[in-house]
Colleague: 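Handing you a structure now.
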Amino acid sequence: VLLMGQRSGRQKRSKKLELTLSKTMMTEAGVQSNKEEAKEPKAKEQRLTSVFGVADLKNEAIGLYNIGQSCCLNSVLQVFLMNTRFTGILRRITVPPSPVQKGKDVPYQMLLLLEAMQCGKQKAVSPTALASCLSEYRVKLFVQHDAAQLFLTLWNLIKRQMKKPELVEELGDLYTICVQEHLVCQKCSFETKRNSSMLTLPLPMLDSNSHVLKSLEDCLQYFFLPEELTDHNMCFCEECGRKTPFLQSMKLVHLPQTLTIHLKRFCFKKSACIHKLSHYLPFPQDLDFSAVLTENQCQADDNEKAAWQYELFAVVAHSGSTNCGHYCAYIRSLTECKWYCFNDSEVCQVSWDDVKCTYGHSNLHW
């Protein structure tokens with residue numbers, strides 16, 4: 001399960017973003033039909049300026065056709081394209097110069113898909129061109145994917161192929177979590193610190209004794225608890241000159257505008273088989289990290305902590321077993337403040353009670 005939250009505060013349309021428009025899309029439109037642009041420049045410009053989020057143009061969300069076990073890809077794409085802050089970055093990418101480069105450019109193909117979803121008259125569009133583009137980078141087609149892994153793969157491809165440094169920086173600011181890792185030798189108290197970044201918080205749903213954690217807050221607190229590294233997990237201590245027991249801990253330094261949490265609904269049994277965890281685990285619509293974590297689990301000042309308040313924006317959930325199943329996405333439009341269920345080509349407006357079905361049970365039905 002992937003949970004995505006946006007920092008609290010009503011989403012506002014940026015005049016600056018509207019004015020900069022999508023130069024990439026305007027360039028593409030000009031190449032395709034200069035005559036059309038000359039006849040109706042105002043109409044075309046108005047259409048392009050509307051590309052803000054999939055649910056904005058016609059006050060309804062648009063589905064994606066399943067092209068063969070693509071429910072996971074469709075769900076993750078919807079989470080990206082319903083995020084108006086992400087589409088604000090996507091609209092300003094550089095258009096590849098040649099048809100071959102366009103076909104292999106993931107951000108550009110996502111932009112074309114976004115335009116098709118915004119401007120088409122059908123209830124759903126096909127992600128075939130984007131899927132074909134992704135296959136160039138070893139993202140296999142017609143196979144089951146893990147949503148968290150696919151999200152990371154897509155994000156890294158987008159970042160790597162963006163040509164403008166300022167857009168790369170904005171993309172990082174939008175999604176990147178910063179933490180500080182601490183290691184303390186239990187023999188001599190020698191301490192090392194290292195700053196690192198991650199795109200998701202991978203939260204376990206069981207503790208070290210395989211006991212069920214009962215809420216999202218419990219999972220967060222357990223994730224940031226110090227852990228003793230003993231026996232075969234001992235680390236080499238530079239002061240002691242040998243391997244010794246260490247205490248490992250992690251402190252939260254910075255949270256992004258869009259926070260992604262990965263609920264690890266799986267465990268490994270003694271037979272080495274992966275087992276899915278379907279037990280009930282509720283999560284709130286609003287979450288204040290500074291109220292959940294202790295002072296020892298944070299490495300941030302008061303101004304940073306004041307921004308750690310989030311509203312749930314999306315849930316990507318899986319029904320079925322580890323061998324066979326189906327992905328759907330529940331996403332709240334940042335402009336309409338309405339929840340939608342994205343089930344491939346089928347999209348419908350839902351209530352918060354409908355979203356709660358992703359809390360988990362063995363027979364999940366959409």
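FYI, the numbering just counts along the sequence from 1. All values below were derived from every heavy atom in this structure, side-chain atoms included, with hydrogens, water molecules and symmetry-related copies excluded.
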Colleague: Please state whether the rings of Tyr175 and Phe86 are parallel, tilted or perpendicular, taking 30° and 60° as the class boundaries.
Modeller: perpendicular
Colleague: Got His254 and Gln180 here, is their nearest side-chain heavy-atom distance under 4.5 Å?
Modeller: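 They are not in contact (no side-chain heavy atoms under 4.5 Å apart), so the answer is no.
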Colleague: For Arg91 and Glu115, what are the C-alpha separation, side-chain angles and deciding distance, and is it a salt bridge (Lys or Arg N to Asp or Glu O under 4.0 Å)?
Modeller: CA-CA 10 Å; Arg91 292 181 311 115; Glu115 184 181 21; over 6 Å; no
Colleague: Consider only side-chain heavy atoms of I, L, V, M, F, W and Y, link residues closer than 4.5 Å, and tell whether Leu312 and Ile177 are in one cluster.
Modeller: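 Linked within one cluster.
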Colleague: With distance as the sole test, does Ser345 use its side chain to make a donor-acceptor pair with the main-chain N or O of Leu64 at under 3.5 Å?
Modeller: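 Absent.
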Colleague: If you measure from CG on Asp173 to OG1 on Thr258, what distance do you get to the nearest 0.5 Å?
Modeller: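 Between atom CG of Asp173 and atom OG1 of Thr258 there are 11.0 Å.
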Colleague: Would you call the rings of Phe289 and Tyr310 parallel, tilted or perpendicular, taking 30° and 60° as the class edges?
Modeller: perpendicular
Colleague: Start with the C-alpha distance between Tyr222 and Met205, add both sets of side-chain angles, then the distance that settles side-chain contact (heavy atoms from CB on, under 4.5 Å), and finish with yes or no.
Modeller: CA-CA 9 Å; Tyr222 182 75; Met205 297 183 63; over 6 Å; no
Colleague: Short question: side chain of Gln221, backbone of Val292 - any donor-acceptor pair under 3.5 Å?
Modeller: yes
Colleague: Side-chain contact, heavy-atom cut-off 4.5 Å: Phe283 with Val315?
Modeller: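 Touching, per the 4.5 Å side-chain cut-off.
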Colleague: For Ala131 and Leu73, work out which heavy atoms get closest and say how close.
Modeller: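 So the minimum-distance heavy-atom pair works out to CB-CD2, 4.2 Å.
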Colleague: Under 4.5 Å between side-chain heavy atoms, hopping through other hydrophobics if needed: is there a path connecting Tyr280 to Leu216?
Modeller: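 Same hydrophobic cluster.
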Colleague: Looking only at heavy atoms, what is the nearest atom pair of Asp344 and Val347, with distance?
Modeller: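 Closest pair (atom of Asp344, atom of Val347, distance): O-CG2, 4.4 Å.
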Colleague: Decide, yes or no, whether a salt bridge links Glu346 with Lys123 under the criterion of side-chain N to carboxylate O below 4.0 Å.
Modeller: yes
Colleague: Which heavy atom of Pro245 sits nearest a heavy atom of Lys187, and at what distance?
Modeller: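 Smallest interatomic distance, heavy atoms only, reads CD-CE, 4.0 Å.
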Colleague: Would you indicate whether the side-chain heavy atoms of Leu287 and Gln309 approach each other to under 4.5 Å?
Modeller: no
Colleague: State, yes or no, whether a side-chain contact exists between Leu281 and Lys214 at a heavy-atom distance under 4.5 Å.
Modeller: no
Colleague: Within a strict 4.5 Å, meaning less than it, do heavy atoms of the Ile331 and Val79 side chains meet?
Modeller: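 Yes, at least one pair of side-chain atoms sits under 4.5 Å.
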Colleague: I'd like to know if Asp353 pairs up with Lys356 as an ion pair, taking the criterion as any Lys NZ or Arg NE/NH1/NH2 lying under 4.0 Å from an Asp or Glu carboxylate oxygen.
Modeller: yes
Colleague: Mind listing the closest non-hydrogen atom pair of Trp352 and Tyr359 along with its distance?
Modeller: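 Between these two residues, the closest heavy atoms are CZ2-OH, 3.4 Å.
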Colleague: Could you tell me whether the side chain of Lys140 reaches within less than 4.5 Å of the side chain of Val143, counting heavy atoms only?
Modeller: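 They are in side-chain contact.
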Colleague: Verify, without hydrogens or angle tests, whether Asn156 (side chain) and Leu152 (backbone) share a donor-acceptor contact under 3.5 angstrom.
Modeller: yes
Colleague: Could you state whether Leu206 and Leu213 fall into the same hydrophobic cluster, counting links through intermediate Ile, Leu, Val, Met, Phe, Trp or Tyr residues with side-chain heavy atoms under 4.5 angstrom apart?
Modeller: no
Colleague: Sub-3.5 Å donor-acceptor pair from the side chain of Tyr108 to the main-chain atoms of Thr94, do we have one?
Modeller: no
Colleague: Membership question, hydrophobic clusters at under 4.5 Å side-chain separation (ILVMFWY): are Met82 and Leu174 in the same one?
Modeller: yes
Colleague: Would you say the side-chain atoms of Asn83 pair up with the backbone N or O of Phe80, donor to acceptor, closer than 3.5 Å?
Modeller: no
Colleague: Answer yes or no: is there a donor N or O on one side and an acceptor on the other, between the side chain of Gln78 and the main chain of Cys341, under 3.5 Å?
Modeller: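 Here the side-chain-to-backbone pair does not exist.
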Colleague: Is Leu134 close to Leu154 at the side-chain level, that is, under 4.5 Å between some pair of heavy atoms?
Modeller: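 They are in contact (side-chain heavy atoms under 4.5 Å apart), so the answer is yes.
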Colleague: Within the distance-only criterion (no hydrogens, no angle test), does the side chain of Thr87 pair as donor or acceptor with the backbone N or O of Leu90 below 3.5 angstrom?
Modeller: no
Colleague: Should the heavy atoms of other residues, nucleotides or ligands under 6.0 Å from CD of Glu228 be counted, would the total exceed 12?
Modeller: no
Colleague: Between Glu239 and Ser189, is there a donor-acceptor pair closer than 3.5 Å when you use the side chain of the first and the backbone of the second?
Modeller: no
Colleague: Check this for me, if you would: do Arg92 and Glu170 make a salt bridge, where the nitrogen-to-carboxylate-oxygen distance has to be below 4.0 angstrom?
Modeller: yes
Colleague: If you count the non-hydrogen atoms of other residues, nucleotides and ligands that lie under 6.0 Å from CD in Glu166, is the total more than 12?
Modeller: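 Atom CD in Glu166 is packed in, count exceeds 12.
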Colleague: Tell me whether Asp302 at atom CG has more than 12 heavy atoms from other residues, nucleotides or ligands lying less than 6.0 Å away.
Modeller: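 12 or below, so no.
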Colleague: Going hydrophobic residue to hydrophobic residue with side-chain gaps under 4.5 angstrom, can you get from Leu277 over to Leu203?
Modeller: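 Yes.
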Colleague: Do Glu181 and Lys251 sit within salt-bridge range, that is, some charged N less than 4.0 Å from a carboxylate O?
Modeller: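 No, no charged N to carboxylate O under 4.0 Å.
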Colleague: Could you tell me whether a side-chain N or O of Asn209 sits under 3.5 Å from a main-chain N or O of His211, the two making a donor and an acceptor?
Modeller: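 Flag not set: sc Asn209 to bb His211 has no pair under 3.5 Å.
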Colleague: Give a yes or no on this: more than 12 heavy atoms of other residues, nucleotides or ligands lie within 6.0 Å of atom CD of Glu191.
Modeller: yes
Colleague: Of the non-hydrogen atoms in Pro96 and Lys102, which two are nearest, and what is the gap between them?
Modeller: O-CE, 3.1 Å
Colleague: Would you compute the distance between atom OG1 of Thr358 and atom CG of Leu3 and round it to the nearest 0.5 angstrom?
Modeller: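 Here the rounded value is 7.5 Å.
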Colleague: Using the benzene-type ring in the case of Trp, are the ring centres of Tyr330 and Tyr340 under 6.0 Å apart?
Modeller: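 No, the ring of Tyr330 stays outside the 6.0 Å limit from the ring of Tyr340, centre to centre.
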Colleague: In this structure, are over 12 heavy atoms from other groups packed under 6.0 Å from Lys104 atom NZ?
Modeller: no
Colleague: Could you grab the distance from atom CG of Leu157 to atom CD of Glu136, nearest 0.5 Å is fine?
Modeller: 11.5 Å
Colleague: In sequence, state the C-alpha distance, the side-chain angles, and the governing distance for Asn296 and Thr294, and then conclude on side-chain hydrogen bond (donor to acceptor under 3.5 Å, both in side chains).
Modeller: CA-CA 5 Å; Asn296 292 332; Thr294 66; 5.1 Å; no
Colleague: Taking it one step at a time, do Asn343 and His326 satisfy side-chain hydrogen bond (donor to acceptor under 3.5 Å, both in side chains)?
Modeller: CA-CA 9 Å; Asn343 186 356; His326 183 65; 2.8 Å; yes
Colleague: Does Arg332 form a side-chain hydrogen bond (donor to acceptor under 3.5 Å, both in side chains) with Gln6? I'd like the steps, not just the answer.
Modeller: CA-CA 10 Å; Arg332 182 172 62 88; Gln6 295 282 351; over 6 Å; no
Colleague: Hey, what do you get for CZ (Phe142) to OG (Ser70), rounding to the nearest 0.5 Å?
Modeller: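 One gets 8.5 Å once the value is rounded to the nearest 0.5 Å.
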Colleague: Just so I know, are the side chains of Glu217 and Leu220 near enough to count as touching, which here means a heavy-atom distance under 4.5 Å?
Modeller: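 With C-beta onward as the side chain, the pair stays apart.
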Colleague: Kindly give the heavy-atom pair with the smallest separation between Met250 and Met198, and that separation in Å.
Modeller: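 Closest pair (atom of Met250, atom of Met198, distance): SD-CE, 4.2 Å.
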Colleague: CZ of Arg242 to SG of Cys237: how many Å apart, nearest 0.5 Å?
Modeller: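 Going from CZ on Arg242 over to SG on Cys237, the span is 8.5 Å.
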Colleague: I would like to know whether Leu247 and Glu227 meet side-chain contact (heavy atoms from CB on, under 4.5 Å); could you show each step before the answer?
Modeller: CA-CA 6 Å; Leu247 187 66; Glu227 178 185 4; over 6 Å; no
Colleague: Sub-3.5 Å donor-acceptor pair from the side chain of Arg7 to the main-chain atoms of Leu255, do we have one?
Modeller: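 The answer is yes, because a donor-acceptor pair under 3.5 Å joins these two groups.
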Colleague: Tell me yes or no: between the side chains of Tyr65 and Gln122, is some donor less than 3.5 Å from an acceptor?
Modeller: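 No, no side-chain donor-acceptor contact under 3.5 Å.
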Colleague: If you measure from NE2 on His145 to CD on Gln69, what distance do you get to the nearest 0.5 Å?
Modeller: 9.0 Å
Colleague: What verdict does the side-chain contact (heavy atoms from CB on, under 4.5 Å) test give for Thr153 and Val139, after you've listed the backbone C-alpha separation in whole Å, the side-chain angles of each residue and the deciding distance to 0.1 Å?
Modeller: CA-CA 8 Å; Thr153 300; Val139 179; 3.8 Å; yes
